[in-house]
Amino acid sequence: MRLSEFVLPTLKETPAEAQIVSHQLMLRAGMIRQESVGIYSWLPLGLRVMKNVEAIIREEQNLAGAQEILMPTIQSADLWRESGRYDDYGKEMLRIEDRHGRDLLYGPTNEEMVTAILRDYIKSYRELPVNLYHIQWKFRDEVRPRFGVMRGREFLMKDAYSFDLDLEGAKKSYDNMFATYLRTFTRMGLKAVPVRADPGAIGGDMSHEFHILTGTGESAIFYDVIYDELTLDVDNPDVEALQSIYAVEEKLHDPVSCPVAGDRLKQARGIEVGHIFYFGTKYSKAMGLVVDGPEGERIIVEMGSYGIGVSRLPAAIIEASHDKNGIIWPDSVAPFAVGLVNLKVADKACVSQCEDIYNRLREAGIDVLYDDRDERPGAKFADMDLIGLPWQLVVGPRELAVDRLELKRRDGGAREELSLESVLAKLTG
RNA sequence: CGGGGUGUAGCGCAGCCUGGUAGCGCACCUGCUUUGGGAGCAGGGGGUCGGUGGUUCGAAUCCACUCACCCCGACCA
């Protein structure tokens with residue numbers, strides 16, 4: 001992609017309304033644009049990151065055996081009356097009336113709908129277990145949205161729902177998602193700490209939140225320092241052991257009964273990027289999701305739900321990975337792998353060299369953002385650092401003279417003088 | 001929902017108190033000189049001053065209402 005043709009409205013100054021660094025950088029890097037309180041448009045750069053985040057989540061869900069579906073954003077109120085949540089949910093639910101006076105709502109979550117789907121199609125114990133997920137926009141009419149996409153009203157969420165015959169099966173599904181979440185966040189360059197959580201309005205008695213530890217996190221958590229010391233084997237995690245380590249959200253922490261010695265207990269702030277629940281038969285019972293067992297008996301299906309805040313993750317990643325010059329994207333979610341910087345567009349030799357490099361990079365399958373704008377070097381470097389692409393490939397008269405290119409790593413700033421062949425090898429290797 | 005605040009060009013702001021031709025910096029356009037970490041000079045374009053109503057010869061400025069947005073609190077993924 002040529003930067004001269006790319007819609008990238010970067011800002012030199014920090015907009016006054018942004019309070020935390022991720023919000024400031026997302027606005028400055030031209031990733032998002034606020035349309036209303038807690039409601040955002042995603043601009044080309046921001047959407048590229050979110051699509052990459054989404055792709056990792058999708059791959060991991062599929063690997064875990066979950067099947068992707070897509071449920072609508074608009075739901076019928078009748079569905080929610082079946083579970084009793086239409087009245088319970090309160091003002092956080094955005095309620096809508098259509099032209100015929102029917103009550104609809106913009107879905108804040110999908111337990112009711114997915115339960116209704118399975119109720120129609122699953123009749124036998126032989127058809128379980130099943131795990132269905134979708135990645136869809138949600139709307140929760142928050143009392144006070146803030147921090148940009150971190151706490152928006154409209155947000156993209158991956159929500160999965162597991163269906164099992166019994167508690168043992170449900171626990172297995174739960175642990176499967178637990179492990180999958182650790183892998184998912186690790187692939188995004190994040191260290192997520194699973195903490196025991198209050199299941200809240202969803203109900204049930206087994207629940208973990210996954211937190212990214214940053215000073216600006218909205219939630220306070222307490223955990224055994226052992227979490228900072230252990231190396232996570234995400235391909236083969238010992239879920240049992242991890243769940244037994246003391247780590248809880250503030251609400252559940254009791255200094256008196258806490259089993260961790262004072263000098264081993266850490267208090268931190270975290271951004272909640274995932275939340276998993278086991279809630280048993282709460283919805284299946286209310287809505288009649290039952291299957292026939294081997295003896296012809298009626299079995300009420302055991303359920304769990306598993307959410308990841310997709311649109312929140314780009315912000316969480318920025319909170320965890322930035323410096324004073326801007327964002328530092330991990331390779332796995334970066335909007336482009338490399339930024340090609342033409343330092344002197346007035347120089348014909350420099351332009352033709354850059355065009356050639358641009359084509360070679362693309363032919364090699366490397367996602368490149370080519371800064372072909374007629375800007376001064378300082379402005380180009382500043383923009384590149386701000387948008388945080390993992391690699392910067394700098395081409396100017398100095399490089400041309402020695403037939404070498406300068407490759408700079410955004411994270412750490414290390415520079416190397418390399419031939420084009422070496423650059424290609426490095427970026428594809 | 002309570003409390004506090006702000007709406008003036010794409011962004012950041014001044015002007016309002018004390019009514020009299022709407023300004024500054026950045027960004028944008030043109031030209032020249034420049035070019036290795038956000039250039040200089042010259043010229044130029046862009047604003048129903050959030051909206052409605054009122055007071056007045058005259059309103060960005062005063063008054064009323066209203067909308068939007070920000071911050072703090074309770075709430076929440």
Side-chain angles (χ1 to χ4, degrees), chain A residues 7-20 23-24 27-28 30 33-39 43 89-93 107-111 137-159 181 195 197-202 207-212 217-219 249-251 270-277 305-313 315-316 324-326 341-347 350 371 373-386 392 394-401 405-406 408 413 415 417:
Chain A
V7 177
L8 183 71
T10 58
L11 302 172
K12 200 144 87 174
E13 294 171 281
T14 300
E17 78 263 19
Q19 303 296 306
I20 62 171
H23 190 195
Q24 293 169 351
L27 291 172
R28 285 193 54 211
R33 172 189 139 90
Q34 180 171 335
E35 299 296 351
S36 181
V37 188
I39 299 177
L43 304 180
Y89 221 95
K91 288 189 160 178
E92 215 171 288
M93 180 187 282
T109 177
N110 285 65
E111 279 84 4
W137 292 91
K138 306 287 186 290
F139 194 95
R140 295 183 191 173
D141 200 357
E142 292 280 339
V143 181
R144 192 152 94 82
R146 65 190 115 170
F147 305 141
V149 296
M150 195 78 89
R151 177 162 298 281
R153 292 194 292 172
E154 188 184 49
F155 58 98
L156 189 61
M157 180 174 168
K158 186 286 298 184
D159 39 325
Y181 274 32
V195 306
D198 182 353
I202 297 231
S207 177
H208 282 87
E209 291 175 354
F210 290 76
H211 284 267
I212 306 306
E218 280 196 278
S219 330
E249 65 165 326
E250 190 174 27
K251 240 190 286 185
I271 299 167
E272 184 187 342
V273 290
H275 197 162
I276 62 178
F277 306 85
S305 77
Y306 314 89
I308 291 180
V310 181
S311 51
R312 174 182 283 186
L313 272 163
K324 64 174 172 33
N325 294 326
V341 182
N342 180 347
L343 281 188
K344 197 162 185 181
V345 297
D347 182 328
C350 195
D371 190 348
R373 296 174 304 168
D374 184 12
E375 290 288 344
R376 296 173 62 78
K380 295 194 173 201
F381 288 132
D383 272 342
M384 270 302 160
D385 284 351
L386 175 62
Q392 296 172 14
V394 179
V395 181
R398 198 194 282 172
E399 285 72 25
L400 285 179
L405 310 174
E406 180 184 287
K408 177 186 150 187
R415 296 157 200 260
E417 300 268 313

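Protein chains get the first letters and strands the later ones, always in sequence-line order, with residue 1 at the start of each. All of these numbers come straight from a predicted model, not from anything done at the bench.
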What interatomic distance, in whole Å, is found between C1' of B:G46 and the corresponding atom of B:C24? 15 Å

Heavy-atom donor-acceptor pair, A:Lys408 side-chain to B:G37 base, under 3.5 Å: yes

For atom C1', what is the distance between B:G58 and B:G19, given to the nearest Å? 8 Å

For B:G12, take OP1 and OP2 only and decide whether either is under 4.0 Å from a side-chain N or O of A:Thr14. no

Which nucleotide, if any, forms a Watson-Crick or G-U wobble pair with B:C17, using both distances under 3.5 Å? none

Tell which nucleotide pairs with B:C28, taking only Watson-Crick or G-U wobble pairs whose two distances are both under 3.5 angstrom. B:G44

Checking all strands, does A:Lys158 fall into the base, sugar-phosphate, or nothing category for heavy-atom contacts under 4.0 angstrom? nothing

Any N or O donor-acceptor pair under 3.5 Å from the base of B:G10 to the side chain of A:Glu13? no

Interatomic distance at C1', B:C29 relative to B:G45, whole Å: 7 Å

Heavy atoms under 4.0 Å, any strand shown: does A:Gly413 hit a base, just sugar-phosphate, or nothing? nothing

Side-chain donor/acceptor of A:Arg415 to base of B:G37, under 3.5 Å: yes

Is A:Phe155 stacked on the base of B:A77 when the test is centres under 5.5 angstrom and planes under 30 degrees? yes

Rounded to whole Å, NE2 of A:His23 lies from P of B:C69 at a distance of 13 Å

Using a 4.5 Å cut-off on heavy atoms from C-beta on, say whether the side chain of A:Asp159 contacts that of A:Lys138. yes

Span that lies between the P atom of B:U55 and that of B:U8, in whole angstrom: 27 Å

Applying a 4.0 Å non-hydrogen cut-off, can you work out what A:Arg28 is touching in the nucleic acid: base, sugar-phosphate, or nothing? base

Give me the distance, rounded to whole Å, that separates B:U61 from B:G53 when you measure between the P atoms they each carry. 14 Å

Interatomic distance at P, B:G51 relative to B:C41, whole Å: 35 Å

Identify whether any heavy atom of A:Gln392 sits under 4.0 Å from a base atom; if not, whether one sits that close to sugar-phosphate; answer base, sugar-phosphate or nothing. nothing

Select base, sugar-phosphate, or nothing to describe what A:Asn325 touches, counting heavy atoms under 4.0 Å on all strands. nothing

With a 4.0 Å cutoff (strictly under), does any side-chain N or O of A:Arg376 reach OP1 or OP2 of B:A39? yes

If we only count heavy atoms from C-beta on, is the A:Leu11 to A:Glu13 side-chain gap below 4.5 Å? no

Which is true for A:Val394 with a 4.0 Å heavy-atom rule: it touches a base, it touches only sugar-phosphate, or it touches nothing? base

At under 4.0 Å between heavy atoms, what does A:Gln19 touch on the DNA or RNA strands: base, sugar-phosphate, or nothing? sugar-phosphate

With sugar-phosphate meaning primed atoms plus P, OP1 and OP2, does A:Pro397 contact a base, only sugar-phosphate, or nothing at under 4.0 Å between heavy atoms? base

Quick check on B:A68: is either OP1 or OP2 less than 4.0 Å from any side-chain nitrogen or oxygen of A:Gln34? no

Go through B:C11, B:G37, B:G73 for me and flag the one nearest to the A:Leu11 side chain. B:C11

Any N or O donor-acceptor pair under 3.5 Å from the base of B:C76 to the side chain of A:Arg144? no

Across every strand shown, the nucleotide meeting Watson-Crick or G-U wobble geometry with B:A74 (both distances under 3.5 Å) is none

For A:Glu17 and A:Leu27: C-alpha separation, side-chain torsions, deciding distance, then whether side chain to side chain contact (heavy atoms under 4.5 Å, CB included) applies. CA-CA 10 Å; A:Glu17 78 263 19; A:Leu27 291 172; 3.7 Å; yes

Contact class for A:Ser36 (heavy atom, under 4.0 Å): base, sugar-phosphate, or nothing? sugar-phosphate

4.5 Å side-chain heavy-atom contact, A:Phe381 and A:Val394: yes

Does any N or O donor sit under 3.5 Å from an N or O acceptor when you compare the side chain of A:Glu399 with the base of B:G36? yes

Nearest to side-chain heavy atoms of A:Val143, which nucleotide of B:U35, B:G37, B:A74: B:A74

